[in-house]
Amino acid sequence: MSDEIRSQRLAKLARLRELGLDPYAVERFPFERSADQLLADFDALAPQSEDEQATKRVRFAGRLVSQRLMGKAAFAHISDGDGRIQGYFKKDELGETLWEAFNLLDIGDHVGVEGFLFVTKTGEKSIHVTSLTPLSKSLHTLPLGKEKDGQQWYGLSDVDQRYRHRNLDLVCNPAARRLLLLRSKIVRAVREFFDQKGFVEVETPLLQLEAGGAAARPFLTHYNAYDIDVKLRISLELYLKRIICGDVPKVFEIGRVFRNEGVSNRHNPEFTLLEWYEAYANLEDIMAFVEGLMAYVAMQAFGTTIVTMELATGEPEDEDCPTETVTMDFGKPWRRVNLMEEIERHTGLGRADLATLEDAKSALREREVINPVTGKRIDPDAEQHLGGLIEKLLEVFVEPTLVQPTFVVGYPLETSPLAKKDPNNPGMTRRFEGYIRGKELCNAFSEINDPIDQRERFEMQMDHRAGGDDEAHPMDEEFLFALENGMPPTGGCGIGIDRMVMLMTGAEHLREILLFPMMRPVGHVDED
RNA sequence: GAGUCGUUAGCUCAGUCGGUAGAGCAACGCCCUUUUAAGGCGUGGGUCCUGGGUUCGAGUCCCAGACGACUCACCA
């Protein structure tokens, strides 16, 4: 019973205090090398003779992760998170007090040790411990499991527990730790790349009167001082363009945005968005920029532009789920395709079939348009406008085929209220999205800088809203005023950072990338 | 929001036909001064997710609820 374990451990804590070794009273325990460094520099650090044992000392601290007690001697591994090293503890060298203290330690406690390096009979490089300092007491059993030859027994595998108690996940599961470190590297590489390209990093408001720049329902909250309702931002777009209007030609922001929508393996109500805007740049410039960014990030995070990942091809539930090795080279240019041409290639529906909403609906009714792999089809009556239907066709028939990095160019007017019209294709805009592994990575367009056009687009969105689309873009007079004062031609792009990490690491769930994903509270009672 | 499946010891999991709760690890005690999934002997530990119902009797069957996973819908 957990209370029993807890009281046992509190009793051990009390005894440590009686011995004058209160772990919580210690403030610092300096040591120079990580476990990995101790092992790497072993030959130089280990004493060559008994005389040197007194002078060639090492110190190390970490969490006790395994114990093998043998009466008056013991072995135990201490982990600093990244690596672990074995300690050898002997009663007649530690003395009565420290030996008792060692026996009061449990797996999960932090401990500092001092001693000299040596090799055990079985050949493991270890620390011969001559002194130890308890540094924290764990009041619970750590669900660490055991391992041998890289195979793990037991351990913490319940995903609910792993997400709710991420600290335990990080201690017990090396993969969780690996993803955290990889994400940090990737984000750092992104910042470096923008810095190298002369971009300025800015921060814009999270609290906004109207949440614009994307199609999503916002979170609502209240600002007491002004007694006004405000919304949490759903994108970074409009404020960043107002900075472009202020003649700062290259800006980017990495920030949290909030969308009041459901949770799935690719969605979380809050996520980290990267957006950047570059004056005097067009779509082709941005594509090249994305290619360069991804190549740089891959190089910094993995040391190569060639990223290999194991992807589940069956049910991830299944233990023997088949996997497929996918390799992508971010050193190569991405495939570039036209949206309408790709739809025609995968559905047989050409421009003539998709000229108007009515044409498209009757074409869908007349022909059996079914995705041969997933068996999915489209409900023609679900869409309010042609653009929505076209994007639906893209999602169902084209997206799953875009495994290798691909730019899809040319998005419909109705779903692109902030993108310039394509002068050569009525009803279409100068917009592209980048896809990897069948999932959207980025969304970019030539930004509208014509304030009259932008006003008309917002008005079109207001019509959609009146038609029942509560995610249609709101009117934003402040933004229009900025445009009326002049914005240079500008290319902009957005990338979901969490999803980018997910795509590059082969993770199947966004929640593996988010340290603390949204979870329903335990014991929640619905008020309805 | 809808459907399917799941929830048993701190962790990972068994539990047959409805008959009164099991294992390994972890914990506790004893032995053990070079072990590494250490070993040997012994001990304790359960709101079987919650609440109802059926039954002489429910971990097991029925109903409702909580939470999770997956699929779908919305979205990036």
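Naming: A, B, ... by sequence-line order, numbering from 1 per chain.
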Give one of base, sugar-phosphate or nothing for A:Glu124, where a contact means two heavy atoms less than 4.0 Å apart.
-> base
Atom-pair distance (CE on A:Met519; P on B:rA66), nearest Å = 16 Å
Can you tell me, in whole Å, how much space there is between the P of B:rG59 and that of B:rA9?
-> 14 Å
Pick the P atom in B:rG1 and in B:rU60, then give their distance to the nearest Å.
-> 28 Å
Using Watson-Crick or G-U wobble geometry with both distances below 3.5 Å, tell me the partner of B:rU35, or none.
-> none
Is there a Watson-Crick or G-U wobble partner for B:rA58 with both distances under 3.5 Å, and which nucleotide is it?
-> none
Rounded P spacing from B:rA66 to B:rC28 in Å = 39 Å
Could you give the distance separating B:rU16 and B:rG22 at their C1' atoms, to the nearest angstrom?
-> 14 Å
C1' atom, B:rA37 versus B:rC30: distance in rounded Å?
-> 23 Å
Tell me what A:Leu69 touches on the nucleic acid: a base, only sugar-phosphate, or nothing, going by heavy atoms under 4.0 Å.
-> base
Looking across every strand, which nucleic acid part, if any, lies under 4.0 Å from A:Lys91 by heavy atom: base, sugar-phosphate, or nothing?
-> nothing
Find the distance A:Glu512:CD to B:rG68:C1' and express it as a whole number of Å.
-> 14 Å
From the options B:rU12, B:rU35, B:rA27, select the nucleotide whose nearest atom is closest to the side chain of A:Gln86.
-> B:rU35
Which nucleotide in the list B:rU12, B:rU34, B:rA27 gets nearest to the side chain of A:Tyr88?
-> B:rU34
Whole-Å P distance, B:rC32 and B:rA69 = 49 Å
Could you label the plane-to-plane angle of the A:Phe102 and A:Trp99 rings as parallel, tilted or perpendicular, counting under 30° as parallel and over 60° as perpendicular?
-> parallel
State which of B:rC28, B:rC11, B:rA73 makes the closest approach to the side chain of A:Asp106.
-> B:rC28
Remember a base hit wins even if backbone is also touched, and classify A:Asn260 as base, sugar-phosphate or nothing at under 4.0 Å, heavy atoms.
-> nothing
What nucleic acid atoms does A:Asn443 come within less than 4.0 Å of, heavy atoms only: base, sugar-phosphate, or nothing?
-> nothing
Excluding sequence neighbours, so at least two apart, what forms side-chain hydrogen bond (donor to acceptor under 3.5 Å, both in side chains) with A:Glu440?
-> none
Excluding sequence neighbours, so at least two apart, what forms ring pair (Phe, Tyr, Trp, His ring centres under 6.0 Å) with A:Phe458?
-> A:His473
Checking B:rA69, B:rA76, B:rA26 against the side chain of A:Phe271 (C-beta onward), the nearest is B:rA76
Which part of the nucleic acid does A:Thr120 contact within heavy-atom distance under 4.0 Å: base, sugar-phosphate only, or nothing?
-> base
Can you tell me how far P of B:rA76 sits from CG of A:Leu236, to the nearest Å?
-> 14 Å
Compare side-chain N and O positions of A:Arg164 against OP1 and OP2 of B:rG68 and report whether any pair is under 4.0 Å apart.
-> yes
Using purine N1 to pyrimidine N3 plus N6-O4 or O6-N4 for Watson-Crick, or N1-O2 and O6-N3 for G-U wobble, each under 3.5 Å, what pairs with B:rG3?
-> B:rC70
Using only side-chain N and O atoms of A:Arg511, determine if any of them is under 4.0 Å from OP1 or OP2 of B:rA69.
-> yes
So, is A:His140 near the phosphate of B:rA26, with a side-chain N or O under 4.0 Å from OP1 or OP2?
-> no
For A:Phe89, which contact category applies under a 4.0 Å heavy-atom criterion: base, sugar-phosphate, or nothing?
-> nothing
What does B:rC28 pair with, Watson-Crick or G-U, if both distances are under 3.5 Å?
-> B:rG42
Could you check which nucleotide pairs with B:rA23 in any of the strands shown, counting Watson-Crick or G-U wobble with both distances under 3.5 Å?
-> B:rU12
Think A:Lys72 has a side-chain N or O under 4.0 angstrom from the OP1 or OP2 of B:rU34?
-> no
Residues A:Glu270 and A:Leu514: closest non-hydrogen pair is O-CD2, 4.5 Å
Contacts of A:Asp92 and A:Ile107 projected onto RNA chain B by closest heavy atom; the upstream (5') one is A:Ile107
The answer to which of A:Val119 and A:Glu261 contacts RNA chain B further toward the 5' end, by nearest nucleotide, is A:Val119
Here the distance between atom C1' of B:rA26 and atom NZ of A:Lys12, to the nearest Å, is 11 Å
At under 4.0 Å between heavy atoms, what does A:Ala215 touch on the DNA or RNA strands: base, sugar-phosphate, or nothing?
-> sugar-phosphate
Compute the ring centroids of A:Phe289 and A:Phe193, then answer whether they are less than 6.0 Å apart.
-> yes
Using a cut-off of 6.0 Å, state whether more than 12 heavy atoms not belonging to A:Glu18 lie near its atom CD.
-> yes
From B:rA76, B:rA26, B:rU34, pick the nucleotide closest to the side chain of A:Leu510?
-> B:rA76
With both distances under 3.5 angstrom, what nucleotide forms a Watson-Crick or G-U wobble pair with B:rG51?
-> B:rC63
Contact class for A:Gln8 (heavy atom, under 4.0 Å): base, sugar-phosphate, or nothing?
-> sugar-phosphate
Please determine if a side-chain N or O atom of A:Arg520 lies less than 4.0 Å away from the OP1 or OP2 oxygen of B:rG68.
-> yes
Is a donor on one side and an acceptor on the other found under 3.5 Å between the side chain of A:Arg336 and the backbone of A:Trp334?
-> yes
Rounding to a whole Å, what distance do you find between A:Asp160:CG and B:rU8:P?
-> 11 Å
State which of B:rU35, B:rG68, B:rA26 makes the closest approach to the side chain of A:Phe75.
-> B:rU35
Rounded to the nearest Å, what distance is computed from the CG atom of residue A:Asp158 to the P atom of nucleotide B:rA9?
-> 11 Å
Rounded to whole Å, the CZ-P distance (A:Arg437 to B:rA76) equals 19 Å
Identify the heavy atoms of A:Phe407 and A:Gly434 that sit nearest to each other, and give their distance.
-> CD2-CA, 3.9 Å
Tell me which nucleotide among B:rA76, B:rU34, B:rA69 gets nearest to the side chain of A:His509.
-> B:rA69
Atom NE2 of A:His165 and atom C1' of B:rC11 are separated, to the nearest Å, by 12 Å
With ring centroids as reference points, do A:Phe432 and A:Phe445 lie under 6.0 angstrom apart?
-> no
Could you give the distance separating B:rC41 and B:rA23 at their P atoms, to the nearest angstrom?
-> 15 Å
Using the C1' atom as the reference point in each nucleotide, state the distance between B:rA14 and B:rU8 in Å, no decimals.
-> 10 Å
